[in-house]
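Quick caveat, the model's predicted, so the values are computed rather than measured.
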Amino acid sequence: MTFEELKALDHQYTMQTYGRFDVALDHGVGATLYGLEGEEYIDFASGIGVNSLGYGHPAWVKAVEEQAHKLAHASNLFYTEPYARLAETLCKRTGMSAVFFANGGGEANEGIIKLARKYSFDKYGKGRANIVTLRNSFHGRTITTLQATGQEVFHNYFFPFTEGFRYAEANDLASVQAQAGEDTCAVLLELVQGEGGVLPLDKGFVQSVADWCRERDLLLLVDEVQTGVGRTGSLFCFQQYGIQPDAVTFAKGIAGGLPMAGVMANEKCRNVLGPGTHATTFGGNPIAASAALAVLNVLNDDYMPEINAKGNYIMETVRSWDAPCVETVRGLGLMVGIVLKDGTDRAALIGQIYGKNVLVLTAGPRTIRLLPPLTISYEELDKGLAAMKDVLVNA
């Protein structure tokens with residue numbers, strides 16, 4: 001099939017809910033992707049942070065293939081080994097106590113919201129269901145997680161939205177406290193606001209919120225859909241902030257390219273969601289769970305310094321350029337944001353970068369976001385950065 005034939009097929013038979021880039025992908029090796037006619041692309045996007053081990057990683061392929069031969073799906077009416085082993089691994093490496101497996105980030109965040117409200121209902125009764133989130137946050141595309149998102153641009157079209165959310169300013173404890181009245185059950189944070197522009201929260205602010213939540217018996221919820229599974233240079237970003245949340249969501253990179261997500265709860269919250277209160281047909285799927293085990297085996301604690309080194313290498317390299325359109329570079333691990341100066345035509349620059357066969361993402365109003373596979377080689381990094389430099393320095 002040619003690119004034009006594929007594009008026509010897409011336009012005829014799929015809902016046009018995505019503004020796709022003019023790129024058709026066929027296969028990949030490492031952190032390099034190939035188009036239908038053999039075009040070569042350096043991947044600084046990894047499927048929006050999903051392909052954590054890149055493409056064709058032998059351990060991942062072996063795990064998926066072996067499990068596919070055994071059992072593809074069973075539902076949560078029965079026990080299967082892969083999800084149980086995965087839950088054990090996640091808990092032992094994070095200090096959390098129990099896991100609920102889901103399929104995507106929005107669904108996981110729906111689950112954490114339900115957990116927080118039920119915890120409060122069980123202990124305090126009705127009237128204590130509000131959740132404080134941060135302005136500029138992003139928590140998903142469902143009706144409820146859109147309203148949890150602290151960006152007004154997303155609060156449109158789909159009225160009425162789910163009630164029960166108020167928005168505080170990031171890095172401002174007084175703002176969080178002002179929004180959290182007697183009707184509040186939890187505070188939900190992204191430790192790095194990804195879609196908002198790759199904005200890491202201040203460590204002191206996060207620790208102060210954690211202490212304050214503990215004093216008031218408000219649940220501290222952390223959305224690690226994008227920051228988790230090694231992306232920020234530790235298995236989960238909260239481990240760098242010196243806190244232990246009550247519940248944490250994860251998705252994207254956990255299964256290295258297969259749909260998987262979940263909620264991890266601490267000991268206090270592990271039994272909040274009992275039989276009949278929350279469920280999903282595909283959660284804990286044996287193939288996805290086997291893939292996730294392979295991902296976590298590769299991304300062991302010894303691998304985390306390599307992620308940080310590569311992230312620092314990207315940021316230091318971009319900062320060294322004499323690029324008049326770049327205001328600043330920020331990030332954590334291999335979650336990097338290149339912030340452009342006001343008035344820069346980001347869309348035009350992105351088009352030029354794609355024209356040099358490098359795949360990147362956007363975030364916020366002025367940021368180019370880089371989320372390469374965590375296993376990307378320095379050779380691939382250098383090739384992609386050289387192409388980007390040519391665009392940004394000459395903008």
Side-chain angles (χ1 to χ4, degrees), residues 19-25 28-35 38-55 192-200 226-227 230-233 252-253 306-395:
R20 302 186 203 275
F21 292 107
D22 233 13
V23 173
L25 300 173
V29 178
T32 303
L33 287 162
Y34 296 88
E39 314 95 314
E40 184 178 304
Y41 300 91
I42 299 298
D43 183 17
F44 282 180
S46 66
I48 318 182
V50 168
N51 299 306
S52 47
L53 302 187
Y55 307 92
V192 181
Q193 294 184 326
E195 298 289 337
V198 191
L199 294 157
Q226 188 168 159
T227 56
R231 174 56 57 186
T232 56
K252 290 193 181 290
E306 185 169 337
I307 295 171
N308 285 309
K310 290 174 182 175
N312 289 332
Y313 181 77
I314 292 173
M315 289 188 279
E316 290 168 7
T317 298
V318 177
R319 288 173 185 144
S320 73
W321 299 342
D322 183 18
C325 64
V326 175
E327 180 178 294
T328 190
V329 184
R330 61 193 177 211
L332 204 59
L334 279 170
M335 185 175 182
V336 176
I338 302 171
V339 184
L340 304 175
K341 291 180 180 177
D342 264 333
T344 303
D345 188 342
R346 182 178 64 178
L349 291 182
I350 293 287
Q352 292 177 49
I353 292 170
Y354 269 70
K356 290 186 174 291
N357 289 20
V358 179
L359 308 184
V360 298
L361 301 163
T362 60
R366 295 189 288 127
T367 302
I368 297 173
R369 179 174 35 155
L370 308 182
L371 301 174
L374 304 180
T375 53
I376 191 170
S377 68
Y378 280 96
E379 180 181 359
E380 290 166 317
L381 280 176
D382 286 339
K383 190 171 182 179
L385 289 170
M388 290 184 62
K389 178 181 180 180
D390 191 45
V391 172
L392 297 180
V393 167
N394 294 301

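Under the 3.5 Å distance criterion, with hydrogens and angles disregarded, no donor-acceptor pair is assigned to the side chains of N312 and N308.
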From CA spacing to verdict: side chain to side chain contact (heavy atoms under 4.5 Å, CB included), R231, L334: CA-CA 6 Å; R231 174 56 57 186; L334 279 170; 3.6 Å; yes

Intermediate values then yes/no, side chain to side chain contact (heavy atoms under 4.5 Å, CB included), T32 and E380: CA-CA 7 Å; T32 303; E380 290 166 317; 2.8 Å; yes

Side chain to side chain contact (heavy atoms under 4.5 Å, CB included) between Y378 and L385, worked out: CA-CA 10 Å; Y378 280 96; L385 289 170; over 6 Å; no

Side chain to side chain contact (heavy atoms under 4.5 Å, CB included) evaluation trace for I368 with I353: CA-CA 11 Å; I368 297 173; I353 292 170; 4.1 Å; yes

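Interatomic distance, OG of S46 versus CG of L361, reported as 7.5 Å (0.5 Å rounding). Taken from CD1 in I314 to CZ in F44, the straight-line distance is 5.5 Å, to the nearest 0.5 Å. For the atom pair L374 CG and L53 CG, the distance stands at 7.5 Å (nearest 0.5 Å). Taken to the nearest 0.5 Å, the CG atom of D390 stands 10.0 Å off from the CH2 atom of W321. With rounding to the nearest 0.5 Å, the separation of OG1 in T375 from NZ in K310 is 6.5 Å. Note that CD1 of I376 is 11.0 Å distant from CG of L371, once rounded to the nearest 0.5 Å.
A search for ring pair (Phe, Tyr, Trp, His ring centres under 6.0 Å) contacts involving Y41 returns nothing, not counting sequence neighbours.
Heavy-atom minimum distance, G331 versus P200: O-CG, 4.2 Å. Closest approach of A395 and C325 over heavy atoms only: CB-SG, 3.8 Å. Looking at every heavy atom in both residues, R369 comes nearest to T362 through NH2-O, 2.8 Å. Among all heavy-atom pairs drawn from V329 and M315, the shortest one is CG1-CG, 3.7 Å. Across all non-hydrogen atoms, the minimal contact from L370 to P372 is C-CD, 3.5 Å. Nearest heavy-atom pair, G194 versus A363, reported as atom, atom and distance to 0.1 Å: O-CB, 3.3 Å.
Judged as a salt bridge (Lys or Arg N to Asp or Glu O under 4.0 Å), the pairs with a partner in residues 38-47 (not counting sequence neighbours) are, in order, E40-K383. Sorted by first then second residue, the salt bridge (Lys or Arg N to Asp or Glu O under 4.0 Å) pairs that include residues 317-332, not counting sequence neighbours, are E327-R366.
Using a 4.5 Å heavy-atom cutoff, the side chains of Q226 and V192 are not in contact. The closest side-chain heavy-atom distance from Y313 to L381 is below 4.5 Å. Side-chain contact between M388 and V360 is present, with at least one heavy-atom pair separated by less than 4.5 Å.
The number of heavy atoms from other shown groups lying within 6.0 Å of CG (L25) is above 12.
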